[in-house]
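Encoded as structure tokens, the structure appears first; notes follow it.
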Amino acid sequence: MAESKAGGAGEGEGETARLWGGRFALSPAKQVEEFTSSLAVDRRLYREDIAGSIAHARMLGVAGIIPGADAQRLVKGLQAVRREFDEGRFVFADGDEDIHTAIERRLHKLLGAEVGGKLHTGRSRNDQVALDLRMYARTAIVEIGDSVCRLQTALLKLAQDHRGTVMPAYTHLQRAQPTTLGHHLLAYVAMLQRDFDRLQDAFDRADIMPLGSAAATGSSLPLKRELVAKELGFASISQNSLDAVSDRDFVVEIEAACALVMVHLSRLSEELVLWSSSEFGFVDLPDDYATGSSLMPQKKNPDVPELVRGRTGRVIGELTGMLAILKGLPLAYNRDLQGDKESFFAVADTTMSCLEILAKMLPRLRFNEGAMARAASDPALMATEVADYLVGKGIAFRRAHHLVGKAVRNAQTKRVSLADLEPADWQALDAAFGPEVTQLFDPQQALARRQTVGSSGPGAVKRALVRALLAVKRNRQWLAANKPTY
Ligand code: ARG
């Protein structure tokens, strides 16, 4: 059993005095201290916490709630604490529960409890922690968004290089129709664009300033909340104090956006794993982005995409976990919410690192254009072309589909490919088949006939590339405009 020191909880101004110790006869038991501490996780919020406190202190001065000179001292003191962190000189004390208490304790030490003790006027850790996390969330969105753009750019470059590289499109992992690698990669650019849009959308709901909600019901002091919001670059202030301290929807939304990013990365990774197998042989992973086997000397394993695929599970799990934390909480703040940061940081870090490694790896991939072309040259992939050809002759698609299906069966019975059927074989199926039907089996021509928006024809892909480049440019402009400055 750990000892609880009698009378030590809130007395004096010592380095370890609790900020809330007044009503306690005993300090928390050692195990309770360890069990409840979030310092190991939330110490990374020091910049946000200090920037928030500086804005709060300035406001207290401007609003005349504390003397202007004290506000200035608080700001100077907080800047000094920030320097200690930046330079790696900050020393945590036993009993620092979280980053907020650690910083305030240090401030009391630097300025004396009389001035230092004024910082927390009209504020609670409940609105403070909500503020810090919202600030951090905005930064994280911009950083993740930046990585999304980098991966989009890598994909676009590859798509540009391979806009003429023919490969099969698959459904049910069965060869379906010819497409190009460029078109295939542009599908991932489109997914990532939706991801970017979702992150951007989530930004707006994180961009709300909760300070002034205090512990739960707001403050009786004449706080100037708008001023704090302005200084910290928030678009607006929260409108209900109970909601503001207990709302973590913004965390859920960003995690959900990240979970979808990861699902997309996982699908891309799965394709790289498949394509790098001998069975496909579509792609060679660079040696420095693959690993070997400790036992089988010939092996080159796609561990990077496998880990991306695997870590997707963690992100999905964190999203589920966050929702589970919230689902039974009565209003307003409950300590359960402390789990938000662990969850959020894990999601943000994982998503970032997976985006980054793929963006670095993609330009190094060597695609085996011959293997892709061979896989796409199977004449069976042109069956839809033949059906569309009949549609052009006025035959209903259902009937066209049926006739070509019969041709496929005939070819199988004769043990020849669809392209090897004679004009007479086609004629025997239906008089609508002319001799030119045997000319329909060139994948390049099949692609050239695909001209509608979003299809895999060369013209459509060229226009899609231009649209995607413009979208990424717009993304980058938004990122530059929303880069946090603290
Ligand atoms: N460390 C806590 C958290 O991360 C904030 C402290 C609020 N604690 C409290 N007992 N009201 O959620």
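Side chains are part of it too, since the values below use all heavy atoms of this structure and drop only hydrogens, waters and symmetry mates. Please read all numbers here as calculations on a predicted model, not as lab measurements. Counting starts at 1 for both ligands and their atoms, in listed order.
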### Query
Is it the case that more than 12 heavy atoms not belonging to Glu114 sit under 6.0 Å from its CD atom?
no
### Task
Verify the neighbour count for atom CD of Glu231: are there more than 12 heavy atoms of other residues, nucleotides or ligands below 6.0 Å?
yes
### Message
Does ligand 1 come near enough to His100 that some N or O of the ligand is less than 3.5 Å from an N or O of the residue?
### Response
no
### Query
For ligand 1, which atoms have a heavy atom of Ser38 less than 4.0 angstrom away?
1 (N)
### Query
Just by modelled atom types, is the Ile99 backbone N or O under 3.5 Å from a matching donor or acceptor in the Asp42 side chain?
yes
### Task
Could you tell me how the ring of Phe280 sits relative to the ring of Phe282: parallel (under 30°), tilted (30 to 60°) or perpendicular (over 60°)?
perpendicular
### Arg225 to Phe234, cation-pi by 6.0 Å centre distance and 45° axis angle
no
### Task
Kindly say whether the aromatic ring centers of Tyr136 and Phe345 come within a distance under 6.0 Å.
yes
### Message
Could you check whether His162 and Phe367 have their ring centres less than 6.0 Å apart?
### Response
yes
### Query
Touching ligand 1 at all, Glu97? Heavy atoms, strictly under 4.0 Å?
no
### Message
Show me which atoms of ligand 1 lie under 4.0 Å from any heavy atom of Asp98.
### Response
1 (N), 2 (C), 5 (C), 6 (C)
### Query
Quick one: nearest non-hydrogen protein atom to atom 4 (O) of ligand 1, plus distance?
Lys341 NZ, 2.7 Å
#### Entry: Under-4.0 Å heavy-atom contact with ligand 1, by part of Asn126 that carries it
side chain
### Query
What atoms of ligand 1 come closer than 4.0 angstrom to any heavy atom of Val129?
3 (C), 4 (O)
### Summary
Nearest non-hydrogen protein atom to atom 2 (C) of ligand 1, with distance, is Gln338 OE1, 3.3 Å
### Summary
Of all protein heavy atoms, the one nearest atom 3 (C) of ligand 1 is Tyr333 OH, 3.3 Å
